[in-house]
Amino acid sequence: MQSRSLQISSLLEHAALHHPSVEIVSHVNAQTCVRSTWQDVARRARRLASGLQARGLEPGTRVATLAWNTHRHLELYFGVSGAGSILHTVNPRLFPDQIRYILTHAGDEYLFFDLAFADLVAELAPSLPHVKAFVALCAPQDMPVLSLPRPLLNYEELLALGDEDYAWPALPEDTASSLCYTSGTTGNPKGVLYSHRSTVLHSWTACATDGLGLGARDSVLLAVPMFHVNAWGVPYAAAMCGAKLVLPGPDLSGERLFAHMKDEGCTLSLGVPTVWLGFFQYLESLPEAARAGLRLNRVVIGGSAAPRAIIEKFERLLGAYVIQAWGMTETSPLATIGNLLPAHETLALAQRFDVQARQGRAIFGVEVAVFDEDGRRLKSGEPGSGELKVRGPWVVSAYYGNEPGSALDAQGWFSTGDVARIDTEGYVQITDRSKDVIKSGGEWISSIDLENLAVGHPAVKEAAVIGVRHEKWQERPLLIVVPKDGATITAQELLAYMKDRVARWWMPDDVVFVDALPHTATGKLLKTRLREQFADHRLPTDALQA
Ligand code: ADP
């Protein structure tokens, strides 16, 4: 057989050749929507690559972006990596100091930014001596006035100088293609460097029927940011299969997402649970007739556990199947995906939701296993939980800058830091991050299970559960709740609702109501902050403290 190198540029050229007129709809901001096609993306990505090379871009150079989901960001995905350089997507929601750390650690030489981040770039620029040029992602007439220590270029002018017939270089498939940093809720962020090979293999998974099932008949609303783990690999996978892409820009409000779904006939969307909480808050405010007319049939939820209530609402209100997926920056990210098995096809909906509320099964390419505290591998279905480990060709080997293999144990496993069990059917169930697990009297209580249960109450918008010090039990669960706008609920009502749905010794010892919960830059609950905030919380059950 031929040993052709797997390359990101070939994904794009395939889309340009076989799906040339499939649309890319880009909402740059509330006023501007740009419609282009895969053929346009390919032309402009070639211009970008050659324009950058004319300005000195070298193979392996890191090119950073601070940008929302737009057509220009998509062109950067292909143009930079296709040219043999490395696209480094930076999360603009991080604190400026973290962004500075990441840009410096990566040694980025170019920084492309959306106008919304112009002030941030001006603030950071003096302390980024390695950046040779800054590039504003806008039309020439919209250029911001900034005083920067090095040249400020315009994206469209850079493209205008480029060659649309540029020929992509032939690259070995292990060439590095893109770089993402974990959000580092503890310690400094760490870089994960992907390769052309890992990216193309991962794309096949997204397109596989029991992967995300992405295909040419899909119109995909990308509600997961392109700065978060390569938007779960969907930009590449969409090129592989020729799907239409709808890029929502900065506005992920329920109202806008619903409008895009309707206007663009979206069949599939992807996002973290918090995005969908906002979506349903809007959707449920609409009269029933106004909810009709969507073509949506699948929604991929990951990044945090998908609450059962959301899975149920998608099914009952919109007839859309929720595919829960689990993964992390270190796994590209797709690792387990929640599709059904033949045995589930006849299940009543309520039981099917239980299956969907798990994090899914391993897909070919990623091995998953759970190890107990003594390092023994648990069999599927064996009681108890332990640390989830993974290995495979799109799983990290070492963090950026470290020795190859240094992130792995002797058997090549990567420790995820998640606590999980695997059931007899092979579904992984994440019960906690190892640092969030609640240890009560020597047993573990899953904060995720309790949160999902609380969010199922109609008056609850969001919930977090943390372990609070308890003299007798070591730790007991404290439930912290944000009620829905306009809803009233008491602690007694909520606990009564939860009582019959969970083991008695798991029941929270106290409930606190707050206006908002802290989140990380990728939308996860920031439990370190909650633990600090409630460090002195006195539980009513703790006789010794009371
Ligand atoms: P961060 O940079 O915020 O750590 P990642 O996206 O890499 O971002 O986070 C990966 C972690 O997110 C996983 O280790 C896991 O704890 C959590 N996670 C991802 N998907 C799910 C899911 N479907 N259910 C529960 N937890 C999830």
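Keep in mind it's a predicted model, so treat the numbers as computed, not measured. First listed ligand is number 1; within each ligand, the first listed atom is number 1.
Short contacts between ligand 1 and His228, defined as distances under 4.0 Å to a heavy atom of the residue, involve ligand atoms 6 (O), 8 (O). When each atom of ligand 1 is checked for a heavy atom of Gln324 under 4.0 Å away, the hits are 22 (C), 23 (N), 24 (N). For ligand 1 and Thr329, the ligand atoms under 4.0 Å from any heavy atom of the residue are 2 (O), 5 (P), 7 (O), 8 (O). Near Thr182, meaning under 4.0 Å from one of its heavy atoms, ligand 1 places the atoms 2 (O).
Every heavy atom of Thr520 sits 4.0 Å or more from the atoms of ligand 1. Under the 4.0 angstrom criterion for non-hydrogen atoms, Gly327 is in contact with ligand 1. Not a single heavy atom of Ala306 sits closer than 4.0 Å to an atom of ligand 1.
Residue pairs meeting the salt bridge (charged side-chain N to carboxylate O under 4.0 Å, His left out) criterion with at least one partner in residues 498-514, sequence neighbours excluded, are Arg476-Asp509. Among pairs with a residue in residues 453-468, those fulfilling side chain to side chain donor-acceptor pair (under 3.5 Å) read Glu462-His519, at least two apart in sequence or across chains.
Checked by atom type, the side-chain pair Asp218/Thr267 shows a donor-acceptor distance below 3.5 Å.
When each of Val390, Val229, Val395, Val396 is checked for a side-chain contact (heavy atoms from CB on, under 4.5 Å) with Glu330, only Val396 meets the rule.
The proximity of Ala325 to ligand 1, defined as any non-hydrogen pair under 4.0 Å, is limited to the backbone. Under 4.0 Å from ligand 1, not a single heavy atom of Ala521 appears. Residue Gln359 touches ligand 1 through its side chain alone, judged by heavy-atom distances below 4.0 Å. At a 4.0 Å heavy-atom cut-off, ligand 1 touches Thr522 through the side chain alone.
Relative to atom 8 (O) of ligand 1, the option among Glu330, Lys524, Met328 with the closest non-hydrogen atom is Lys524. Counting only non-hydrogen atoms, the option in Gly302, Ser304, Cys180 that gets closest to atom 22 (C) of ligand 1 is Ser304.
Taking the six-membered ring for Trp and thresholds of 30 and 60 degrees, His88 and Tyr181 have ring planes inclined between 30 and 60 degrees apart. Using bins of under 30°, 30° to 60° and over 60° for the plane-to-plane angle, the ring pair Trp413/Phe371 lands in the perpendicular bin. The aromatic rings of Trp68 and Phe117 are tilted relative to each other, their planes meeting at an angle between 30° and 60°. Taking the six-membered ring for Trp and thresholds of 30 and 60 degrees, Tyr399 and Phe414 have ring planes more than 60 degrees apart, a perpendicular arrangement. Ring orientation note: the planes of His537 and Phe534 are nearly perpendicular, at an angle over 60° on the 30°/60° scale.
Residue Gly303 has at least one nitrogen or oxygen atom sitting less than 3.5 Å from a nitrogen or oxygen atom of ligand 1, judged on distance alone. For ligand 1, the polar-atom distance check against Thr416 finds no nitrogen or oxygen pair separated by under 3.5 Å.
Within 6.0 Å of CZ on Arg529 lie no more than 12 heavy atoms contributed by other residues, nucleotides or ligands.
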